[in-house]
J.: 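Input: one structure, supplied below.
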Amino acid sequence: QVQLVESGGGLVQPGGSLRLSCAASGFTLDYYTIGWFRQAPGKEREAVACISSSDSNTYYADFVKGRFAMSRHNAKNTAFLQMNSLKPEDTAVYYCAAAPYGGPAEELVRVTSLWDYWGQGTQVTVSL
């Protein structure tokens, strides 16, 4: 069964950190471009970060640059999103996704139809 499963979300105070995991099963993650997206209540889904499969070039949205870092552990078939200096506006459901394409990460995140697999999402809440 092909699936992506996110974990690591939760409630954290402003300025705190969380590390999200995205575990893949049924396919080999290192052949895929991996992206993290988020959706806050009443807002559209937006791209957060991405690592391309072709040369591991990365994309980070301006609102997370310098605070979030994405990585992948191919042996574990898992990708990670380290989130530091969290802000209340980071509150959202975070999704990981996988696309069987390489190329510039900044372009790949803009095309929703490229993403074959999506996780169920994990809630991140940043609040006092």
J.: State, yes or no, whether a side-chain contact exists between S17 and Q82 at a heavy-atom distance under 4.5 Å.
T.: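 Side-chain contact under 4.5 Å: yes.
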J.: Are the side chain of D30 and the backbone of N74 linked by a donor-acceptor contact shorter than 3.5 Å?
T.: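 No: the side chain of D30 does not pair with the backbone of N74.
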J.: Working note: L108 + S52, criterion side chain to side chain contact (heavy atoms under 4.5 Å, CB included); need CA distance, chi angles, decisive distance, verdict.
T.: CA-CA 8 Å; L108 292 168; S52 176; 4.2 Å; yes
J.: Would a 4.5 Å heavy-atom cut-off, applied to side chains only, mark T122 and L20 as touching?
T.: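 Yes; the side chains approach each other to less than 4.5 Å.
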J.: So, D90 and K87, do they make that salt bridge, N to O below 4.0 Å?
T.: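 No, no charged N to carboxylate O under 4.0 Å.
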J.: Nearest heavy-atom pair of L86 and M83: which atoms, and what distance?
T.: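 Taking L86 first and M83 second, the nearest heavy atoms are CD2-CB, 3.8 Å.
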J.: Is Y32 linked to Y59 within one hydrophobic cluster, defined over Ile, Leu, Val, Met, Phe, Trp and Tyr using a side-chain heavy-atom separation of less than 4.5 Å?
T.: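 They do not share one cluster, since no chain of ILVMFWY contacts under 4.5 Å joins Y32 to Y59.
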J.: To the nearest 0.5 Å, how far apart are CD in Q3 and CZ in F27?
T.: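 Output value for this atom pair is 9.5 Å.
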J.: Going by side-chain contact (heavy atoms from CB on, under 4.5 Å), name the residues that satisfy it together with E46, two or more places apart in sequence or in a different chain.
T.: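 Once residues adjacent in sequence are excluded, the partners of E46 under the side-chain contact (heavy atoms from CB on, under 4.5 Å) criterion are R38, F63.
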J.: Would you check, one step at a time, whether the test side chain to side chain contact (heavy atoms under 4.5 Å, CB included) holds for T91 with V124?
T.: CA-CA 5 Å; T91 295; V124 172; 5.9 Å; no
J.: Could I get the full list of side chain to side chain donor-acceptor pair (under 3.5 Å) partners for T125, not counting sequence neighbours?
T.: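 Once residues adjacent in sequence are excluded, the partners of T125 under the side chain to side chain donor-acceptor pair (under 3.5 Å) criterion are Q123.
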J.: Tell me whether V2 is reachable from L29 by hopping between hydrophobic residues (I, L, V, M, F, W, Y) whose side-chain heavy atoms are closer than 4.5 Å.
T.: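 Yes; tracing contacts between hydrophobic side chains, which count when under 4.5 Å, links both residues.
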J.: For residues F68 and V48, determine if any side-chain heavy atom of one lies less than 4.5 Å from a side-chain heavy atom of the other.
T.: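 Answer yes - side chains close enough.
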J.: Looking only at heavy atoms, what is the nearest atom pair of N77 and S25, with distance?
T.: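 Looks like ND2-N, 4.4 Å.
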J.: Which heavy atom of Y101 sits nearest to which heavy atom of S53, and what is that distance?
T.: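 Shortest heavy-atom separation between Y101 and S53 comes out as O-OG, 3.3 Å.
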J.: Using the rule that Ile, Leu, Val, Met, Phe, Trp and Tyr join whenever any side-chain heavy atoms are under 4.5 Å apart, tell me whether I51 and L81 fall into a single cluster.
T.: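 Yes; tracing contacts between hydrophobic side chains, which count when under 4.5 Å, links both residues.
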J.: Which atoms form the tightest heavy-atom contact between C50 and T33, and what is the distance?
T.: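 Shortest heavy-atom separation between C50 and T33 comes out as SG-CG2, 3.4 Å.
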J.: Is there side-chain contact between Y94 and Q39, with at least one heavy-atom pair below 4.5 Å?
T.: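 Answer no - side chains too far apart.
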J.: Could you state the interatomic distance from OG1 (T78) to NE2 (H73), rounded to the nearest 0.5 Å?
T.: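 Nearest 0.5 Å value for the OG1-NE2 distance: 8.0 Å.
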J.: Check for me whether the distance between the ring centres of F37 and W115 falls short of 6.0 Å.
T.: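 Centroid separation for F37 and W115: below 6.0 Å.
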J.: For a side chain to side chain contact (heavy atoms under 4.5 Å, CB included) check, start with the C-alpha distance between Q13 and V126, then their side-chain angles and the critical distance, and finish with the verdict.
T.: CA-CA 5 Å; Q13 293 186 350; V126 185; over 6 Å; no
J.: Treating Ile, Leu, Val, Met, Phe, Trp and Tyr as nodes and any side-chain heavy-atom pair under 4.5 angstrom as an edge, say whether Y117 and L114 lie in one connected cluster.
T.: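 Cluster IDs for Y117 and L114 differ.
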J.: With side chains defined as the heavy atoms from C-beta onward, is the minimum distance between V5 and Q120 less than 4.5 Å?
T.: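 Touching, per the 4.5 Å side-chain cut-off.
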J.: For a 4.5 angstrom cut-off between non-hydrogen side-chain atoms, does P88 reach S127?
T.: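 A side-chain contact under 4.5 Å is absent here.
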J.: Mind checking the CD-CG spacing from E107 to N57? Nearest 0.5 Å is all I need.
T.: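 Result: 9.5 Å between the selected atoms.
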J.: For the residue pair E6 and G121, what are the closest heavy atoms and their distance?
T.: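 Taking every non-hydrogen atom into account, OE1-N, 2.8 Å.
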J.: Distance from F80 atom CZ to S21 atom OG, nearest 0.5 Å?
T.: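 Between atom CZ of F80 and atom OG of S21 there are 4.5 Å.
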J.: Please determine if R45 forms a cation-pi arrangement with Y95, meaning its NZ or CZ atom is less than 6.0 Å from the six-membered ring centre and no more than 45° off the ring axis.
T.: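 No, R45 does not lie over the aromatic ring of Y95.
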J.: Would you name the heavy atoms of A61 and A47 that are closest together and state the gap between them?
T.: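 Closest pair (atom of A61, atom of A47, distance): CB-O, 3.5 Å.
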J.: With side chains defined as the heavy atoms from C-beta onward, is the minimum distance between W36 and M70 less than 4.5 Å?
T.: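 Yes - at least one pair of side-chain heavy atoms lies under 4.5 Å apart.
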